Engineer: 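Here it is, the structure in full.
For reference, positions follow the sequence shown, starting with 1. As the structure is a computational prediction, the values presented were derived from the model and not from experiment. As the structure lists them, so they are numbered: ligands from 1, and atoms in each ligand from 1.
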Amino acid sequence: EKGTYPHFMLKEIDEQPFVIRRIIQEYQDENDNIKLDPEVREAMKDHDRVYIIACGTSYHAGLVGKQFIEKLAQVPVEVHVASEFSYNMPLLSEKPLFIFISQSGETADSRAVLVEIKQKGYKALTITNVPGSTLSREADYTLHLHAGPEIAVASTKAYTAQMAVLAILAVDTAQAKGLQLEFNPLSELGIAANAMEALTDQKEQLEDIARTYLSTTRNCFFIGRSIDYYVGLEGALKLKEISYIQAEGFAGGELKHGTIALIEEGTPVMALATQENVNYSIRGNVKEVAARGANPCVISMKGLDQESDAFVIPHVHELLTPLVSVVPYQLISYYAALHRDCDVDKPRNLAKSVTVE
Ligand code: M6R
């Protein structure tokens with residue numbers, strides 16, 4: 001039920017801090033250590049390469065998950081869009097482990113890959129919000145997102161839950177391999193949950209941004225570097241699917257290789273600046289697009305912020321910024337769709353779970 005909320009999407013955006021706290025509880029033992037299915041831990045340790053398979057928003061969570069698993073657990077990861085995987089199946093490693101990320105657990109494109117790799121005898125882990133779903137039943141192992149039912153077609157709380165569970169999985173794998181880490185995912189996720197909550201209280205400011213930048217525009221670009229690029233892809237998907245504004249995410253460094261030709265007078269460009277090592281370069285991209293007439297909207301993280309930034313998110317661990325930086329994008333997309341009289345929860349031509357290939 002929506003309760004007092006006008007839309008499920010808004011309710012689900014607001015639920016995110018609570019979902020992250022629930023995940024912390026569910027994946028924590030009585031000594032505050034990670035609690036995870038020992039079979040999953042063994043599988044992560046025993047395989048030499050992880051292949052993440054997903055679609056849409058879940059694919060975007062997978063891109064961030066690759067960073068977690070590679071940086072923290074030192075296991076190589078490839079991320080593939082399910083529908084493309086079979087046509088261009090990569091040369092697999094000796095002991096591949098497949099991870100299917102799917103909110104619904106019913107996505108046909110992902111299932112087709114699961115059936116194929118099971119036939120070849122490979123092991124699969126499904127990360128899903130619906131433990132009894134097809135992808136969960138047909139895989140060897142399941143990790144549950146604990147996000148509660150997600151009703152709006154635009155995925156929000158499942159995305160942040162997916163990244164939280166992937167962070168926990170990455171650290172658990174690192175520990176299983178005996179790697180020493182400074183990073184405690186459970187406490188850092190707690191900090192991220194508080195930051196998310198602070199943002200859901202800043203709706204008016206984000207509604208203003210949507211009004212200023214997006215009420216009449218035909219298109220909008222999202223730029224970022226490193227992990228911010230992946231969040232830009234997700235921001236663009238959110239905006240396009242519910243507001244029908246043509247939105248694309250670009251890597252900051254790619255602008256000069258072609259995409260900057262799209263910038264016209266007044267084109268809104270959303271830029272994310274949450275990573276210290278690329279802050280200087282992304283700021284350079286913002287200047288480049290502004291010099292060509294764009295209307296840049298910079299969302300930065302506290303500590304890296306500048307006077308002219310449109311919005312500043314609280315400081316969180318640099319690996320976990322996507323959980324927080326996506327929230328302004330979700331809310332900006334929501335308000336943009338609302339201002340354009342779109343059906344926020346049920347956008348045209350889309351279904352909540354895509355059960356055909
Ligand atoms: O249920 P799944 O996570 O497998 O769904 C994958 C995509 O269909 C889904 O994320 C879709 O892109 C959303 N509408 C995005 O908001």
Engineer: Which residue and atom name correspond to the protein heavy atom nearest atom 1 (O) of ligand 1, and how close is it?
Structural biologist: S104 OG, 2.7 Å

Engineer: Report the part of E241 in contact with ligand 1, treating N, CA, C, O as backbone and CB onward as side chain, heavy atoms under 4.0 Å; options are side chain, backbone, both, neither.
Structural biologist: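 The side chain, only.
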
Engineer: Among all protein heavy atoms, pick out the one at the shortest distance from atom 11 (C) of ligand 1; state its residue, atom name and that distance to 0.1 Å.
Structural biologist: T57 N, 4.2 Å

Engineer: Does ligand 1 have any atom sitting under 4.0 Å from a heavy atom of S353?
Structural biologist: no

Engineer: What atoms of ligand 1 come closer than 4.0 angstrom to any heavy atom of S58?
Structural biologist: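 It comes down to these atoms of ligand 1: 2 (P), 3 (O), 10 (O).
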
Engineer: Looking only at protein heavy atoms, which one is nearest to atom 7 (C) of ligand 1, and how far off is it?
Structural biologist: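 Of the protein heavy atoms, C55 O, 3.7 Å lies nearest.
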
Engineer: Hey, does G105 come in under 3.5 Å of ligand 1, counting only N/O atoms on both sides?
Structural biologist: no

Engineer: Are any of the N or O atoms of S102 closer than 3.5 Å to those of ligand 1?
Structural biologist: yes

Engineer: Is the centre of the Y329 ring less than 6.0 Å from the centre of the F222 ring?
Structural biologist: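 For Y329 and F222, the ring centres are under 6.0 Å apart.
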
Engineer: For the residue pair F98 and F100, does the interplanar ring angle fall in the parallel (under 30°), tilted (30 to 60°) or perpendicular (over 60°) class?
Structural biologist: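 Aromatic pair F98/F100 classed parallel.
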
Engineer: In terms of residue, atom name and distance, what is the protein heavy atom nearest to atom 5 (O) of ligand 1?
Structural biologist: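 For atom 5 (O) of ligand 1, the nearest protein heavy atom is T107 OG1, 3.5 Å.
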
Engineer: I need the atoms of ligand 1 closer than 4.0 Å to a non-hydrogen atom of A154, numbered in the order shown.
Structural biologist: 16 (O)

